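Following: one structure in structure tokens, then a few remarks.
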Protein chains: 2
Amino acid sequence: MARAAGVSVASVSRVLNGQPATPEMADKVRRAAEELSYVPDSRARSLKVGRTFQLTLAVADVGNPVYVTMMRAVESVVAAAGYRLVVTTTGPDVVDEVALVRGMARGYADGLVISPLRVDDDLIKSIRECEVPVVVAGSVPASAGVDTVRANSPKGMTLAVGHLKQAGRKRIAFVNGPADTVPGEARARGFAEAMKKFGLTPAGTVEAADFTFAAGRAAGPKLLKHTWPDAIVCANDLLAVALMHVLAERGLKVPDDVAVIGMDDSELAEQSFPPLTSVNLGSAERGRRAAELLLARIEDATRAPRRIVVQPTLSVRRSTP
Amino acid sequence: MARAAGVSVASVSRVLNGQPATPEMADKVRRAAEELSYVPDSRARSLKVGRTFQLTLAVADVGNPVYVTMMRAVESVVAAAGYRLVVTTTGPDVVDEVALVRGMARGYADGLVISPLRVDDDLIKSIRECEVPVVVAGSVPASAGVDTVRANSPKGMTLAVGHLKQAGRKRIAFVNGPADTVPGEARARGFAEAMKKFGLTPAGTVEAADFTFAAGRAAGPKLLKHTWPDAIVCANDLLAVALMHVLAERGLKVPDDVAVIGMDDSELAEQSFPPLTSVNLGSAERGRRAAELLLARIEDATRAPRRIVVQPTLSVRRSTP
DNA sequence: TTGTACGCGTTATCAG
DNA sequence: CTGATAACGCGTACAA
């Protein structure tokens with residue numbers, strides 16, 4: 001390429017990176033690059049500059065629409081900054097998450113946004129020791145000293161239960177995902193607190209095997225075997241939609257017989273029938289903020305860790321009165 | 001690292017790549033690697049071996065559940081072969097697709113699976129000239145001479161219309177996405193052919209602005225202004241679910257008053273209410289086959305281009321009688 | 001402003 | 001079987 005343009009390799013590099021050069025030099029280089037449809041090799045560039053201009057987003061399950069929302073948000077922020085996004089699915093096991101974080105040391109990406117389902121000391125340790133910046137989209141202890149952006153589940157639960165109480169519902173049940181996960185634990189605590197705050201007693205609780213539609217289908221009958229709720233709060237939209245299916249099969253009308261509320265306010269909420277009232281935990285904003293935090297830390301590795309909390313809102317649709 | 005183990009860099013490389021070495025040598029190297037938690041830098045490795053062990057999947061819209069299915073399938077195949085997957089969203093414009101394909105020359109990935117919404121000569125040209133192997137998940141002319149795995153939309157439409165006719169429905173309408181897209185064109189043609197084959201006349205057709213839920217919500221009323229169908233075939237699941245919303249708003253029962261059929265048989269089909277009868281165009285299998293084709297071509301660049309067609313099946317659920 | 005020369009960390013080659 | 005060394009293609013001091 002350099003000799004095709006009749007100049008030095010250094011000049012090619014300078015022109016293509018927008019550094020000062022005489023117009024005629026720039027012209028010669030661009031002309032030759034166009035001619036040969038030459039583009040700098042990103043592998044060599046990565047080795048030299050120590051950056052890949054790639055970022056990784058790790059989520060547990062791409063089939064969960066909340067991660068689609070988050071992915072969109074992260075993608076738009078990092079793309080605007082000139083980065084590609086590598087989306088990785090970790091699955092539910094924390095060991096896989098730890099392996100992923102450790103693997104970042106290979107240097108195939110310049111940073112990581114991870115939304116872990118389960119967190120243990122190993123994971124926190126691997127994040128702290130990671131070669132590249134890591135931002136956690138989820139809850140980790142403040143003592144971990146890592147950048148974090150998380151939702152406010154308890155407040156979200158307050159919104160949900162308050163809305164139901166105002167509608168006159170009193171026998172409120174709760175469908176959670178696994179309580180040994182970070183979101184599962186937060187939602188369980190939040191639900192209990194919210195019920196207490198409003199002077200209500202839970203009409204029943206069930207724990208689905210995971211946060212999927214199938215798990216919700218299985219958990220619904222278990223819940224309804226022992227209780228006759230007039231409202232059900234679900235830990236996410238997939239579970240809520242699954243519960244509406246179970247209720248329909250039993251001839252129960254939503255929202256007249258039983259009101260249903262989901263969490264995440266994902267695209268599924270407006271697509272479901274009836275459209276699902278859902279607590280918006282700010283997944284798009286969390287994704288955006290997490291990406292911004294990551295970019296900022298890449299710029300300046302010494303800045304103090306930030307912990308951002310995104311506040312929830314309630315999107316009222318037709319599954320509640 | 002080499003001097004930490006007291007051996008040469010070459011030996012480190014050999015041991016870590018599983019090449020023959022004396023047990024004691026292997027031991028020294030592994031011990032030191034463990035100690036320093038050393039992992040080979042993938043940037044340098046990429047530069048040297050000319051491979052990144054990364055593949056790219058380009059889709060139009062990550063919010064479309066059919067791409068989630070495809071993504072899962074591609075991911076599992078390439079991961080098993082030791083590759084990472086980079087998911088890129090191209091949007092609806094062909095120029096962005098062309099830019100993406102051209103950009104592959106930078107060498108940040110070893111191959112590309114692209115599912116283009118619109119195809120023109122520029123795109124085909126860029127694919128043929130691409131530095132790295134490209135597999136198209138979709139339809140391109142055989143003359144293009146590229147690896148392809150596509151669905152059989154006409155046959156899928158025959159399945160859909162045949163199912164409706166057998167149920168006694170005669171006033172069948174069609175909701176398509178943009179007809180200037182590859183899937184839009186294929187489905188329009190397929191629907192027309194299928195109707196003719198069964199001796200039926202279309203009860204109306206409307207073209208949504210794109211393949212999204214919102215576009216379906218907007219297109220539904222337009223269709224129903226001029227016609228009173230007893231069945232509606234939709235070009236994908238998102239449009240079908242949107243149509244069911246529109247029908248419900250007008251007090252029309254699905255499937256008693258109007259039957260609805262979607263295409264893609266995505267996760268949304270079983271999550272919708274009523275569960276959506278949908279033509280399974282084999283998105284998972286298409287993803288799997290496309291990934292396999294790509295891996296095979298990376299192994300052997302000289303093999304003849306293959307054109308795979310995946311056959312559809314019908315998943316009957318509750319939105320049809 | 002432009003060119004020359006070096007080094008990034010790894011793998012492949014070749015001599016020992 | 002091991003060690004020394006030459007690339008891979010780029011960015012960048014430094015010299016001109």
Side-chain angles (χ1 to χ4, degrees), chain A residues 1-54 82-84 102-110 131-132 298, chain B residues 1-54 82-84 102-110 131-132 298-299 301:
Chain A
M1 163 66 197
R3 69 169 184 276
V7 300
S8 74
V9 292
S11 299
V12 174
S13 173
R14 274 190 289 261
V15 169
L16 264 44
N17 290 356
Q19 281 169 36
T22 50
E24 51 185 318
M25 167 64 81
D27 227 49
K28 267 198 289 189
V29 171
R30 287 189 211 291
R31 211 178 293 276
E34 181 75 19
E35 192 67 32
L36 309 176
S37 68
Y38 164 89
V39 284
D41 186 300
S42 74
R43 297 178 291 249
R45 184 172 212 278
S46 293
L47 177 60
K48 179 61 189 173
V49 304
R51 283 181 164 208
T52 58
F53 290 95
Q54 253 182 203
Y83 286 80
R84 280 183 303 278
R102 293 244 167 84
M104 296 301 295
R106 291 184 184 286
Y108 64 83
D110 302 338
E131 305 272 318
V132 301
I298 288 172
Chain B
M1 163 66 198
R3 68 167 186 276
V7 301
S8 74
V9 292
S11 298
V12 174
S13 174
R14 274 190 292 259
V15 170
L16 266 43
N17 289 358
Q19 282 169 37
T22 52
E24 52 185 318
M25 166 63 83
D27 226 49
K28 269 198 291 189
V29 171
R30 284 189 216 289
R31 211 178 293 278
E34 183 75 19
E35 192 67 32
L36 308 176
S37 69
Y38 164 88
V39 284
D41 186 300
S42 74
R43 299 179 288 251
R45 183 170 213 278
S46 293
L47 176 59
K48 179 58 188 173
V49 304
R51 283 177 161 211
T52 57
F53 290 94
Q54 245 177 213
Y83 286 80
R84 280 184 302 280
R102 294 244 167 84
M104 296 302 294
R106 291 184 185 286
Y108 62 82
D110 302 339
E131 306 271 319
V132 301
I298 288 172
E299 289 308 306

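Keep in mind that this is a model prediction, so the values were computed, not measured. Labels below follow one simple rule: chain letters A, B, ... track the order of the sequence lines, proteins then strands, and each chain is numbered from 1.
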note: Arg45(A), atom CZ; dT10(C), atom P; distance rounded to Å ~ 20 Å
Charged N to carboxylate O below 4.0 Å: is that the case for Asp41(B) and Arg45(B)?
no
Counting neighbours of CD on Gln19(B) that are heavy atoms of other residues, nucleotides or ligands and sit closer than 6.0 Å, is the number greater than 12?
yes
Checking all strands, does Ala21(B) fall into the base, sugar-phosphate, or nothing category for heavy-atom contacts under 4.0 angstrom?
sugar-phosphate
With DNA chain D as reference, determine whether Ala10(B) or Val49(B) sits nearer its 5' end, using the nearest nucleotide of each.
Ala10(B)
The side chain of Leu47(A) is closest to which nucleotide in this list: dC10(D), dG9(D), dG3(D)?
dG9(D)
Is Arg51(B) paired with Glu299(B) through a side-chain N to carboxylate O contact shorter than 4.0 Å?
yes
Of Ala44(B) and Pro20(A), the one whose closest DNA chain C nucleotide lies more 5':
Pro20(A)
For Glu131(B) and dG9(D), give me the distance from atom CD to atom C1', rounded to whole Å.
14 Å
For the backbone of Met104(A) and the side chain of Glu131(A), can you confirm whether one donor and one acceptor N or O come within less than 3.5 Å of each other?
no
Can you tell me the distance, in whole Å, between the CD atom of Gln19(B) and the C1' atom of dA12(C)?
9 Å
Between dT10(C), dG3(C), dC10(D), which nucleotide has the shortest distance from any of its atoms to the side chain of Pro40(A)?
dC10(D)
Taking CG from Asn17(B) and P from dT13(C), how many angstroms apart are they, rounded to a whole number?
13 Å
Which atoms form the tightest heavy-atom contact between Leu16(A) and Pro40(A), and what is the distance?
CD2-CG, 4.0 Å
Under 4.0 angstrom, heavy atoms only, what part of the nucleic acid is Arg14(A) near: base, sugar-phosphate, or nothing?
base
Sticking with atom C1', work out how far dA16(D) lies from dT12(D), rounded to a whole angstrom.
16 Å
Gap between atoms CZ and C1', on Arg3(B) and dG3(D) respectively (whole Å):
17 Å
Return no unless some side-chain N or O of Tyr38(A) is found under 4.0 Å from OP1 or OP2 of dG9(D).
no
Rounded to whole angstrom units, what separation is found between the CE atom of Met25(B) and the P atom of dT2(D)?
4 Å
To the nearest Å, give me how far apart CG (Asp27(A)) and P (dT2(C)) are.
12 Å
Compare the minimum distances between each of dT2(D), dG11(D), dT1(C) and the side chain of Ser11(B), then state the nucleotide with the smallest one.
dT2(D)
From the list dA7(D), dT5(D), dG3(D), which nucleotide is the closest neighbour of the side chain of Val9(B)?
dT5(D)
Checking contacts here: which listed nucleotide (dT10(C), dT2(D), dG3(C)) is nearest the side-chain heavy atoms of Ser8(A)?
dG3(C)
Keeping Ser11(A) on the side-chain end and Val7(A) on the backbone end, is there a donor-acceptor pair under 3.5 Å?
no
Take atom CZ of Arg51(B) and atom P of dT10(C), then tell me their distance rounded to the nearest Å.
19 Å
Between dG9(D), dG3(C), dG3(D), which nucleotide has the shortest distance from any of its atoms to the side chain of Lys48(A)?
dG9(D)
Report yes if a side-chain nitrogen or oxygen of Ser46(B) is closer than 4.0 Å to either non-bridging phosphate oxygen (OP1 or OP2) of dT10(C); otherwise report no.
no
